[in-house]
Amino acid sequence: MKKLFIKTYGCQMNAYDSARMADLLAPLGFAGTEAPAGADMVILNTCHIRERATEKVYSELGRLRELKDEKAKSGGRMIVAVAGCTGQAEGEEIIARAPVVDLVVGPQSYHRLPEMIARIARGQGERVEADFPALEKFDSLPEAVSDTGVSAFLTVQEGCDKFCTFCVVPYTRGPEHSRAPEKILAEARLLSARGAREIVLLGQNVNAYRGTDAKGAAWSLARLIEKLAGIKEILRIRYTTSHPRDMGEDLIDAHAGVAKLMPFLHLPVQSGSDTILEAMNRRHSAADYRRLIDDIRDKRPDMAFSSDFIVGFPGESDPDFEATLQLVRDVGYAQCFSFKYSPRPGTPAAAQKKQVAESVKTARLEILQKLLLAQQDQANNAAIGLTLDVLFEKPGRRAGQIVGRTPYLQPVHVDAPLSLIGSIRPVHIEARTANSLKGRLA
Ligand code: SAM
Ligand code: SF4
């Protein structure tokens, strides 16, 4: 067997793509390995969303150069591939800047890896594939065979047509495309036959999912979820990431009507200021977002929310930032991600004159994160004393301990036998650590 090392950066969609790349290369004799040293093939599945993410890729390529030299000294060959969004955005530039790289492949063309590897072996042909043949990719991938784990990702939708002014995704992942429902259902059945008990439906704008079945009928995400809930072995369903503008009535209703759909929603708002939301091209106001949260809580009162925030978007004033803090206080989040605005080449916001000073971004991020952390603590504290259903996913770090998640996505550590992994049990929550809960089987 040849050794394959894949390093994944960024979002869950990249994690899914990495697993599919491993599936794709398995028939060529590649088996996964835990470290890059000595590997025959190394794939960096990259993220381009913020500058830091891209920098990390170049420093990793620097380290790989030495390992590639060592492999060559022992008479072997290490093929180094850059996949993912940095590959899409900077294909030729990567080859020029990092000669260690043998090939570059974008997120919509990784199904062509086997033929690219063959070309490299023959020492000929293009080394960059960065088209958007989205339809083609899913049709050419093998059936999922990777070890799925108890919770498995399943990409249902890709790309984005929204063009928020700060974001590279529409350029790196291409236009919105939804997979056919039959294909998704078949993949879900396969995953569940391999032991998956939770399916996490993935898409850059997953709730914009609009699939078309063989009869030409349109499927919304809600309809897809209802159908998936009919698969006996699947115990839980989640989806991410949603856009507030695509939160349809039927999807909100599904949270009340479909028991397997978990009461946790990642619904990024980015800012609480209407001026900034408009400049970001988010195409909704802070009031629209608050109303949406209220509508969802009306139907599913225990819904836990999370969001992404950007501080220091060009032109963000102190009152704009205060509006973000106020929105956070009003909504009350279970957990969130927050970032300093990072200008991305080619996006409209990067060209704006009124950039916010780095020191201001740092100060605002600190204030926001303190508030978000306090809300997360509050949500975790509120769980203490309750009995919650936990789906056990894997062994804990300590012997005799297993780890699972509550419906609200909180990790829970419990002393219990490994045989419970893959099943749901009621757990009495007794305490918490910084980021997780502790409990005992009820
Ligand atoms: N589609 C999702 C949405 O509309 O919210 C988000 C996708 S993006 C991969 C994840 C998060 O990265 C965004 O929600 C945003 O908060 C953050 N992000 C994107 N571009 C950014 C930038 N230029 N600077 C800082 N954060 C950024
Ligand atoms: Fe990026 Fe906006 Fe599309 Fe989300 S909706 S992927 S933030 S452009």
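Just so you know, ligand 1 is whichever comes first in the structure, and atom 1 is the first atom listed for that ligand. In this chain, residues are counted from 1 in sequence order.
- Taking the ring centroids of Tyr333 and Phe309, they lie under the 6.0 Å cut-off.
- Remark: minimum distance from atom 4 (Fe) of ligand 2 to any protein heavy atom is reached at Arg282 NH1, 4.3 Å.
- At a 4.0 Å heavy-atom cut-off, ligand 1 does not touch Glu51 at all.
- Below 30°, between 30° and 60°, or above 60°: for Phe163 and Tyr171 the angle between ring planes is above 60°, a perpendicular geometry.
- Ile310 contributes atom CD1, which lies 10.0 Å from atom NZ of Lys361 (distance to the nearest 0.5 angstrom).
- Backbone and side-chain nitrogen or oxygen atoms of Arg50 are examined, and one is located within less than 3.5 angstrom of a nitrogen or oxygen of ligand 1.
- A donor-acceptor distance shorter than 3.5 angstrom exists from the side chain of Thr406 to the backbone of Gln410, with no hydrogens or angles considered.
- Closest to atom 8 (S) of ligand 1 among all protein heavy atoms lies Ile49 CD1, 3.7 Å.
- Contacts between Phe166 and ligand 1, counted as non-hydrogen atom pairs separated by less than 4.0 Å, involve both the backbone and the side chain.
- Using modelled atom types, no side-chain atom of Asn207 and backbone atom of Ser242 make a donor-acceptor pair closer than 3.5 Å.
- For a threshold of 3.5 Å applied to N or O pairs, the pair formed by His243 and ligand 1 contains no separation below that value.
- At least one N/O/S atom of Cys164, from backbone or side chain, sits under 2.8 Å from atom 2 (Fe) of ligand 2.
- When each atom of ligand 2 is checked for a heavy atom of Phe166 under 4.0 Å away, the hits are 7 (S).
- The distance from ligand 2 to the heavy atoms of Cys160 drops below 4.0 Å at these ligand atoms: 3 (Fe), 5 (S), 6 (S), 8 (S).
- Not a single donor-acceptor pair under 3.5 Å links the side chain of Tyr239 to the backbone N or O of Leu265.
- The atoms of ligand 1 that sit less than 4.0 Å from any heavy atom of Pro268 are 5 (O).
- Looking at Lys162 and Asp246, a side-chain N of the basic residue comes within less than 4.0 Å of a carboxylate O on the acidic one, giving a salt bridge.
- Residue Arg344 has no nitrogen or oxygen atom sitting less than 3.5 Å from a nitrogen or oxygen atom of ligand 1, judged on distance alone.
- Note on Glu60 versus Arg63: salt bridge recorded, some NZ/NE/NH1/NH2 to OD/OE distance being below 4.0 Å.
- Near Lys340, the atoms of ligand 1 lying under 4.0 angstrom from a non-hydrogen atom of the residue are 24 (N), 25 (C).
- The protein non-hydrogen atom at the shortest distance from atom 1 (Fe) of ligand 2 is Cys167 SG, 2.3 Å.
- A cation-pi arrangement, defined by a distance under 6.0 Å to the six-membered ring centre and an angle within 45 degrees of its axis, is present between Arg97 and Tyr58.
- Residue Thr241 has at least one heavy-atom neighbour below 4.0 Å for each of these atoms of ligand 1: 2 (C).
- Nearest residue to atom 1 (N) of ligand 1 from Arg52, Gln12, Gln204 is Gln204 (criterion: closest heavy atom).
- Atoms CZ and CD, on Phe313 and Gln270 in that order, are 10.0 Å from each other to the nearest 0.5 Å.
- Near Pro170, meaning under 4.0 Å from one of its heavy atoms, ligand 2 places the atoms 8 (S).
- Contact annotation for Phe163 and ligand 2: only backbone heavy atoms (N, CA, C, O) come within less than 4.0 Å of the ligand.
- Shortest contact from atom 22 (C) of ligand 1 to any protein heavy atom: Ser342 O, 3.6 Å.
- Looking only at atom types and distance, the side chain of Arg344 has a donor-acceptor partner in the side chain of Thr54 under 3.5 Å away.
- Within the listing of ligand 2, atoms 5 (S) sit less than 4.0 angstrom from a heavy atom of His243.
- A donor and an acceptor atom, one from each side chain of Gln369 and Ser338, are located under 3.5 Å apart.
- For ligand 1, the atoms closer than 4.0 angstrom to any heavy atom of Arg282 are 3 (C), 4 (O), 5 (O).
- Looking only at protein heavy atoms, the nearest one to atom 10 (C) of ligand 1 is Asp308 OD2, 3.6 Å.
- Between Glu249 and Lys299, at least one side-chain N (NZ, or NE/NH1/NH2) sits under 4.0 Å from a carboxylate O, which counts as a salt bridge.
- Heavy atoms of Gln270 found under 4.0 angstrom from ligand 1 belong exclusively to the side chain.
- Using a 4.0 Å cut-off between heavy atoms, Thr241 makes no contact with ligand 2 at all.
- Dense packing is recorded around CZ of Arg432, with more than 12 heavy atoms of other residues, nucleotides or ligands lying under 6.0 Å away.
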